[in-house]
Amino acid sequence: MSYVNEVIEQVIRENPNEPEFHQAVKEVLLSLEPVVAEHEEVFRRDALLERLVNPERQVKFRVPWIDDNGQVHVNTGYRVQFNSAIGPYKGGLRLHPSVNLGIIKFLGFEQIFKNSLTGLPIGGGKGGSDFDPKGKSDREIMAFCQSFMTELSKHIGADTDVPAGDIGTGAREIGYMFGQYKRLCNQFTGVLTGKGLPFGGSLARTEATGYGLLYITQELLRCHGIDIAGKTIAVSGAGNVAIYAIEKAQQLGAKVVTCSDSTGWIYDPDGIDVALLKNIKEVRRARLTAYADEKPNAVYHEGRGVWSTKCDIALPCATQNEVGLEDAKLLVANGTTAFAEGANMPTTEEATAYLQENGILFLPAKAANAGGVATSALEMSQNSERLHWTFDEVDAMLKKIMVNLYHNIDDAAKKYGFEGNFVVGANIAGFEKVMEAMMAQGIV
Ligand code: NDP
């Protein structure tokens, strides 16, 4: 059995009931086979892959908080500090009832390579809780965030671990967490990113993941002789990533005809009205049915179905495993040209294989959505300098990072004989830098 397969088996054996983590490890390690084969003896001796798949540290803690009726609730908090070979741990905090250790580990593992691909000095980590922010009052959200940070503050720091937002953790939650950290530690430092502008946040961070997704997709298409202007795009999700992906796509001259949330999806033949979508999701925090109520040409469908829409470009921006084999078949049958993952691991293994085998240009999440964490790292730089950069400065850096990232993964794929396979290219390019740093730092 190959070294890679031995380590995959070990991960499955030692981490039972963590299917998402198994999926992420398998996907990355299998694509690293050509690099591992070149260095197998040294990697085995130094247990490099075993060290890569075992987090440096994982913390699990109780988060008690009191609701508006005086009832106490107990949620579980997590922070997985996966790999600090190239910089302080960096990765978001997810607040969603589906959160468990396996989900946080899959996200943290992916984050190692994504952060490496940005070219910036940030290691990989992830955290969160099974707390559901939906339907909670502001005071309840604050109570949860303060309790969560009371424990988390013992494990993070501006030079140690710098968490950020993710599903369910937006500007409001980051604000409450930052306030509590400052109060507990008596330090005003860049310990969290995604902060509000008056207290150390970066311009363009809110837009960064969605905008970055479009910058890299535009570069991919440009290098294949395709102009993004005039193309029809299907987007899933209606959160932070989806909204700003839609906004930038429209600025680049494309037409986005769908969006979705966890209850249903919208088809708008006139192109999604971003201002209305922002108002519904960011201000009113309402369901997408409100969109169809206000736009007579738009149709609301219950349940899933975005991928049945005919589109040139598909951008899944909601959650993991939201694109299955049947969806992939529909996309191929409908003549889709490019597929770029805005969400983390939105595509199942079978669907990814099917899309790639059928010639769809496929950009994996760790490359396609790296704009968010890249801009978080730019927020850290501004905090260290105690300066603010303009929106245009940050946006220009983001664009440069995404264009360079595309060429790095393209070059890595070509170097190992996998031209056009950006999944392999991204894993190899992300891994090489981390591997070099781990080897140089000895057995730690
Ligand atoms: P948000 O919470 O802002 O939005 C998530 C969207 O996806 C919402 O529309 C939500 O619907 C929908 N959704 C969530 N869970 C499910 C589910 N189980 N089934 C169907 N729909 C679901 O999160 P973000 O936009 O920040 O994140 C989206 C994805 O992008 C995640 O995978 C995240 O890890 C990834 N990502 C985010 C980055 C960022 O900077 N924000 C950076 C890199 C990756 P509803 O409104 O009904 O809950």
Side-chain angles (χ1 to χ4, degrees), residues 204 206-261 265-278 280-281 288 291 295 297-299 305-318 322-323 327-328 330-343 346-347 355 359-365 367-372 391-392 395-396 398-403 405-406 422:
T206 306
E207 294 82 356
T209 309
Y211 278 25
L213 174 66
L214 266 295
Y215 291 144
I216 192 169
T217 303
Q218 184 186 30
E219 185 65 7
L220 164 82
L221 294 174
R222 194 187 66 76
C223 292
H224 288 81
I226 303 167
D227 188 351
I228 197 167
K231 296 290 177 288
T232 299
I233 303 187
V235 166
S236 65
N240 173 265
V241 180
I243 286 174
Y244 293 96
I246 296 171
E247 182 168 279
K248 181 52 72 178
Q250 292 179 345
Q251 287 172 10
L252 297 177
K255 183 157 135 186
V256 180
V257 291
T258 62
C259 63
S260 66
D261 65 14
W265 61 286
I266 290 286
Y267 174 73
D268 187 343
D270 302 332
I272 296 292
D273 179 338
V274 180
L276 175 59
L277 185 62
K278 280 187 190 175
I280 291 170
K281 285 294 172 183
L288 278 179
Y291 185 97
K295 288 270 297 203
N297 277 349
V299 188
V306 165
W307 313 120
S308 60
T309 307
K310 188 169 168 50
C311 62
D312 302 304
I313 302 162
L315 303 176
C317 299
E322 53 162 310
V323 184
D327 303 309
L330 285 171
L331 289 168
V332 170
N334 281 331
T336 302
T337 312
F339 182 100
E341 297 183 322
T347 323
L355 292 171
I360 291 192
L361 299 168
F362 184 101
L363 283 177
N369 70 26
F391 186 97
D392 288 347
D395 189 37
L398 167 66
K399 185 163 185 186
K400 198 165 149 198
I401 288 168
M402 298 311 291
V403 168
L405 201 164
Y406 170 74
F422 304 109

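All heavy atoms count here, side chains included; hydrogens, waters and symmetry mates do not. Note that this is a predicted model, so its numbers are computed, not measured.
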So, do [X] and [Y] sit near enough that their side-chain heavy atoms are less than 4.5 Å apart?
X	Y	result
Glu247	Lys278	yes
Lys255	Asp270	no
Ile272	Thr258	no
Tyr244	Thr209	no
Asn369	Leu213	no
Lys310	Thr232	no
Leu405	Glu219	no
Leu398	Met402	yes

Exam field: side chain Asp261 to backbone Leu288, donor-acceptor pair closer than 3.5 Å: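 Looks like yes, one N/O pair under 3.5 Å.
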
Side-chain (Asn334) to main-chain (Cys311) donor-acceptor, under 3.5 angstrom: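 No; zero donor-acceptor contacts below 3.5 Å.
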
Write down the atom of [X], the atom of [Y], and the distance for their closest heavy-atom approach.
X	Y	result
Pro316	Ser236	CA-OG, 3.2 Å
Ile266	Ala298	CG2-CB, 4.3 Å
Tyr291	Asp273	OH-N, 2.8 Å
Ala338	Leu221	CB-CD2, 3.9 Å
Asn297	Pro269	O-CD, 3.4 Å
Ala365	Ala343	CB-O, 3.2 Å

Aromatic ring pairing Trp307/Phe339, orientation class (parallel under 30°, perpendicular over 60°, tilted between):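 The arrangement is tilted - the two ring planes meet at 30° to 60°.
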
Reported CZ-to-CG distance for the pair Arg222 and Asp227, which is rounded to 0.5 angstrom: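 Arg222 CZ to Asp227 CG: 11.0 Å, rounded to 0.5 Å.
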
Nearest-0.5 Å distance that lies between atom CD in Gln218 and atom NZ in Lys231: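 Taking CD in Gln218 and NZ in Lys231, the distance rounds to 12.0 Å.
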
Residue from Ile226, Leu220, Ile313 passing side-chain contact (heavy atoms from CB on, under 4.5 Å) with Thr337: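 It is Ile226, the one option of Ile226, Leu220, Ile313 that forms the side-chain contact (heavy atoms from CB on, under 4.5 Å) with Thr337.
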
More than 12 heavy atoms from other groups under 6.0 Å of NZ on Lys399: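 Counting other residues, nucleotides and ligands, NZ of Lys399 stays at 12 neighbours or fewer.
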
side-chain contact (heavy atoms from CB on, under 4.5 Å) between Leu315 and Leu214, intermediate numbers included: CA-CA 9 Å; Leu315 303 176; Leu214 266 295; 3.8 Å; yes

Sub-6.0 Å ring centroid separation between Tyr215 and Tyr406: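 Here the rings of Tyr406 and Tyr215 have centres that are no less than 6.0 Å from each other.
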
